[in-house]
There are 2 protein chains.
Amino acid sequence: MPPAPHSRAPKRKPPSPKPEGEKRPGGIQSIRRACELLEAVARSPDGIGLAELSRSIGLHTSTAFHIAKTLVMLGYLRQMENSRFYRIGRPLFALASAALDEVELISAARPILAELAGATGETSYFGVMSGEKLVVLAKHDGSGAIRINDRIGNVRPLHCTALGKVMLASFPPEQLDAFLQSAQLQVFTRKTIRTAQQLRQEIAEVRRSGIAFDDGEVSEELRCAAVPVTNFTNQIIGSLGISGPSWRLSIQALHKNATALQQAAERLSSQLGARGNHRRVGDPENRQS
Amino acid sequence: MPPAPHSRAPKRKPPSPKPEGEKRPGGIQSIRRACELLEAVARSPDGIGLAELSRSIGLHTSTAFHIAKTLVMLGYLRQMENSRFYRIGRPLFALASAALDEVELISAARPILAELAGATGETSYFGVMSGEKLVVLAKHDGSGAIRINDRIGNVRPLHCTALGKVMLASFPPEQLDAFLQSAQLQVFTRKTIRTAQQLRQEIAEVRRSGIAFDDGEVSEELRCAAVPVTNFTNQIIGSLGISGPSWRLSIQALHKNATALQQAAERLSSQLGARGNHRRVGDPENRQS
DNA sequence: TGTAGCATTTCATATTATAAAATGATCTTC
DNA sequence: GAAGATCATTTTATAATATGAAATGCTACA
């Protein structure tokens, strides 16, 4: 066939100049990219267009397009008719429900969170580990007029949240070392812990006292406290916390609520089969998520 | 380089005999396969091993292994330490809950409300909790000439609306107690429930039957029925109801429409990821089988 | 009307995913 | 307790597949 009418001038470079001995994160590339893309879309509650999407994850438009198209075909993404923007597809919700052997955890936690919120007047949280982060599985808003802008399913860093510090304190030494070495301690406020050494001290203190605090380390306006929750294997599987605005919830107030918090955690733990005396964070022999 | 020490006798077939003009479902193969794999895992609540997994989706073990390994690396799958079985990972939960916001609820509810209104001829509503009240997120007018004067975004009390009673029935005991103690039961009509004791009985009845009614408790001229809507955490996150003028919508008529209402709620719930048998309001805390 | 940004398609190519086979590891069975 | 069976994992050659540059066609805005 003669050259196409448009004569596309197929001067062409090889698809990539070969990155030359760069680090290769294992696994199948396209799957990894598809997941990054999904997460980027999930981060955009109002939807996101292809251009911004591909920019945000550092892929060529064309590549991102192919991936997105595949995900749309599978229903994992939806494309809004007018704007062409992408949103998460409903079938993913069904998949997510399978992630919940947590269902039992959540069902157990919910009434206790409600009670704790009632007793303290502050917002209560229950979180577990997910990778190197903490995910909030359930919460209950406090009685006050303000609502903390933090949703179930939100993924939070470990180094600057009370819930996260509890989990860190439950790490076995090697894992903690590994975390402290590799972790990026993202800084949110003046008060955010920013060195591994500081964090190690803080964790030692959490182990000693059995309770973790966050005094304005994520947001200057918030204070939190958290304690561990254990299951029938006596392993720490999550943490329970309360959180409130700094101007109302002083450090002293937090300490006053510590007893209620501890008791709530003990009840939750015992519902999950933990026996006898409540496990303290510092005890040896711990497991990760 | 000379043959490797182990000399693996690499007699080899081409990776595939080329399927020859088979149907080609578009999209990126590995992503499609990864999703099939995820869904297969999701279908196995107790986890599934690699062999059965690869069999069930028709992939070679090796291929399935690579895909699974990638997904494990990303956290989308977890591998149980002992059995090596795979289960769905928590990041998927986080992904879904990030995406399931108010906008999503509304857009999921809208077509179902339309259909419900069409089927029953009455006005349909979808509401969620906001503070100690219920807020109407979406509605669809019935076919009749009369329009109920009630707009989207309206905030309604819990004790005298069908939508609200459903939510009350979903409260854990402590929270319900707290509500009953502190709530001001505003009186609108002769029929409005005005004592905590009465309300507690009514809620018990809602729990038993799985459906709530409002028989002229807000306005003498209106009757409503409502049932719960759940999401992928199996939590009751809202309620779906129909409402119409008392002179047309008798109690019997309401009961006749109850089935349609239930079915609509189930469809909405399943779109939001709720699995299997629809959760009844009354269940203490239901468990996964 | 022109230009700019975006979504989508096409296509040559090399990167990448694939599957056969080998290798252990673990569990059955006789 | 050895032989077999089943399963998970690693390796590797190969070809199929995903990739990205460029082209194309949108829509919108000035």
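Residue numbers start from 1 in every chain, and the chains themselves are labelled A, B, ... in the order their sequence lines are given, proteins ahead of strands. What's counted below: heavy atoms across the whole structure, side chains too, no hydrogens, waters or symmetry copies.
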In this structure, how many angstroms lie between the P atom of D:dT9 and the CZ atom of B:F85, rounded?
12 Å

OP1 or OP2 of C:dT8 versus the side-chain N and O atoms of A:R84: is any pair under 4.0 Å?
yes

Quick one: do B:R275 and A:S97 satisfy side chain to side chain donor-acceptor pair (under 3.5 Å)? Show the steps, please.
CA-CA 7 Å; B:R275 279 197 299 179; A:S97 75; 3.1 Å; yes

Which residues satisfy the ring pair (Phe, Tyr, Trp, His ring centres under 6.0 Å) test with A:Y86, sequence neighbours excluded?
none

Using side chain to side chain contact (heavy atoms under 4.5 Å, CB included) as the criterion, list what pairs up with B:T61, not counting sequence neighbours.
B:L50, B:S54

Where at least one partner belongs to residues 93-110 of chain B, residue pairs that pass salt bridge (charged side-chain N to carboxylate O under 4.0 Å, His left out), sequence neighbours excluded:
A:R78-B:E104, A:R87-B:D101, A:R87-B:E104, A:R90-B:E104

Using a cut-off of less than 4.0 Å, is there contact between a side-chain N or O of B:R33 and OP1 or OP2 of C:dT18?
yes

Just how far, in rounded Å, is C1' of D:dA8 from CG of B:L77?
15 Å

Under a 4.0 Å heavy-atom cut-off, which of residues 47-67 of chain B touch DNA chain C?
B:H60, B:S62, B:T63, B:H66

Who pairs with A:T189 by side-chain hydrogen bond (donor to acceptor under 3.5 Å, both in side chains), at least two apart in sequence or on another chain?
A:T192

Expressed in angstrom and rounded to an integer, what is the separation of A:L37 atom CG from C:dA7 atom P?
12 Å

Report yes if a side-chain nitrogen or oxygen of A:Q29 is closer than 4.0 Å to either non-bridging phosphate oxygen (OP1 or OP2) of D:dG20; otherwise report no.
no

Pairs meeting criterion salt bridge (charged side-chain N to carboxylate O under 4.0 Å, His left out) with involvement of residues 36-51 of chain A, two or more places apart
none

Could you note down all residue pairs passing salt bridge (charged side-chain N to carboxylate O under 4.0 Å, His left out) where residues 54-65 of chain B supplies at least one of them, sequence neighbours left out?
none

For the residue pair A:F93 and B:F232, does the interplanar ring angle fall in the parallel (under 30°), tilted (30 to 60°) or perpendicular (over 60°) class?
parallel

Take atom NZ of B:K69 and atom C1' of C:dA17, then tell me their distance rounded to the nearest Å.
13 Å

Overall bend of the helix from C:dT1-D:dA30 to C:dC30-D:dG1 (five pairs an end, 10° steps) is 40°

Distance, rounded to the nearest Å, where A:I31 contributes CD1 and D:dA18 contributes P
10 Å

Give B:Y86 one of three labels, base, sugar-phosphate or nothing, depending on what nucleic acid heavy atoms sit under 4.0 Å from its own.
sugar-phosphate

If each of A:S83 and A:S30 is mapped to the nucleotide of DNA chain C with the nearest heavy atom, which maps nearer the 5' terminus, i.e. the 5' end?
A:S83

Separation of atom CD1 in B:I28 from atom C1' in C:dT9, rounded to whole Å
14 Å

Which residues share a salt bridge (Lys or Arg N to Asp or Glu O under 4.0 Å) with A:E220, sequence neighbours left out:
A:R190

What is the distance, to the nearest angstrom, from the CZ atom on A:R32 to the C1' atom on C:dA17?
12 Å

